[in-house]
Amino acid sequence: AGVLHDRRDWKEWFALPYTKTPEQHSTFKLYYSKEWYDAFVVSLFNFFSVIFNGLPLPSLLQFESEHQRMQALVTENSLLHNQLANTKEELLTTEATVQRLEARLAQSVAHVSAVGRSHSVTKSTKPLSAIKAA
């Protein structure tokens with residue numbers, strides 16, 4: 001304070017608390033005007049905006065956003081769980097269909113084999129005279 005106290009431009013500021021009507025004093029009159037006040041408020045608002053926009057949101061204030069994020073994750077989890085259940089059900093249905101088709105295929109193959117064997121047996125049991133005539 002000693003260094004600033006000796007400078008003329010600061011002397012008046014040190015006298016401010018002792019000035020009876022600072023709004024009428026030539027040095028301080030400007031700072032009591034409506035224009036200066038409005039400019040000061042805008043500058044202060046801009047200053048704090050720059051400062052607070054650069055800072056991360058405090059943990060306590062992140063509660064609402066975290067709550068919304070958790071609700072979205074729970075909803076997504078529920079949808080995925082339902083999708084998984086539907087897919088499992090479709091898989092079981094498809095597997096049952098495959099098993100039925102495999103069983104039918106096996107029956108068809110067995111039937112074709114049986115028909116083929118009986119047909120070859122029938123051909124080979126022709127009378128010998130029929131074979132010689134041919």
Side-chain angles (χ1 to χ4, degrees):
V3 173
L4 294 177
H5 197 311
D6 294 337
R7 293 181 54 184
R8 183 172 180 348
D9 53 342
W10 279 96
K11 255 185 188 177
E12 293 173 340
W13 285 100
F14 284 113
L16 178 63
Y18 306 104
T19 306
K20 293 200 188 263
T21 55
E23 63 274 359
Q24 294 174 358
H25 192 277
S26 62
T27 304
F28 307 118
K29 185 187 263 185
L30 168 71
Y31 304 110
Y32 285 93
S33 69
K34 174 87 171 117
E35 295 83 20
W36 186 89
Y37 174 78
D38 291 340
F40 175 75
V41 168
V42 169
S43 295
L44 188 62
F45 178 80
N46 290 339
F47 172 76
F48 283 127
S49 293
V50 168
I51 295 296
F52 289 129
N53 283 335
L55 295 176
L57 197 60
S59 297
L60 190 58
L61 294 178
Q62 291 178 2
F63 176 77
E64 183 63 29
S65 62
E66 280 296 312
H67 178 70
Q68 290 173 353
R69 189 176 74 81
M70 289 299 293
Q71 289 298 327
L73 289 173
V74 165
T75 302
E76 181 183 5
N77 188 26
S78 177
L79 291 173
L80 290 173
H81 182 70
N82 290 340
Q83 185 179 3
L84 177 64
N86 291 339
T87 305
K88 282 182 179 179
E89 188 176 316
E90 288 177 22
L91 177 63
L92 291 174
T93 304
T94 304
E95 285 177 344
T97 303
V98 167
Q99 287 177 352
R100 280 196 314 274
L101 291 174
E102 285 175 342
R104 285 178 56 193
L105 179 62
Q107 287 175 349
S108 296
V109 168
H111 178 69
V112 168
S113 294
V115 168
R117 274 185 267 141
S118 69
H119 187 63
S120 66
V121 169
T122 308
K123 283 185 180 179
S124 65
T125 58
K126 287 185 181 178
L128 192 56
S129 59
I131 295 174
K132 286 182 185 178

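Keep in mind that this is a model prediction, so the values were computed, not measured.
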Step by step, would you call Val42 with Asn46 a side chain to side chain contact (heavy atoms under 4.5 Å, CB included)? CA-CA 6 Å; Val42 169; Asn46 290 339; 3.7 Å; yes
Nearest-0.5 Å distance that lies between atom [atom1] in [X] and atom [atom2] in [Y]:
{"X": "Asn82", "Y": "Asn86", "atom1": "CG", "atom2": "CG", "answer": "6.5 Å"}
{"X": "His81", "Y": "Leu79", "atom1": "NE2", "atom2": "CG", "answer": "11.5 Å"}
{"X": "Arg104", "Y": "Leu101", "atom1": "CZ", "atom2": "CG", "answer": "6.0 Å"}

Assigning hydrophobic clusters by single linkage (Ile, Leu, Val, Met, Phe, Trp, Tyr; side-chain heavy-atom cutoff under 4.5 Å), is [X] placed with [Y]?
{"X": "Leu30", "Y": "Trp13", "answer": "yes"}
{"X": "Phe28", "Y": "Trp10", "answer": "yes"}
{"X": "Leu44", "Y": "Phe52", "answer": "yes"}
{"X": "Phe47", "Y": "Leu55", "answer": "yes"}

Is the distance between the ring centroids of Trp36 and Phe40 less than 6.0 Å? yes
With a 3.5 Å cut-off and sequence neighbours excluded, list the donor-acceptor pairs that the side chains of residues 18-25 form with protein atoms.
from: Thr19; atom 1: OG1; to: Ala15; atom 2: O; distance (Å): 3.0
from: His25; atom 1: ND1; to: Thr27; atom 2: N; distance (Å): 3.2

Margin query: Can you confirm whether Glu89 is buried at CD, in the sense that more than 12 heavy atoms of other residues, nucleotides or ligands lie under 6.0 Å from that atom?
Written below: no
Residue pairs passing the side chain to side chain donor-acceptor pair (under 3.5 Å) test with at least one member in residues 50-78, sequence neighbours excluded, are Glu64-Gln68, Glu66-Arg69
By salt bridge (Lys or Arg N to Asp or Glu O under 4.0 Å), Lys88 pairs with (sequence neighbours left out) none
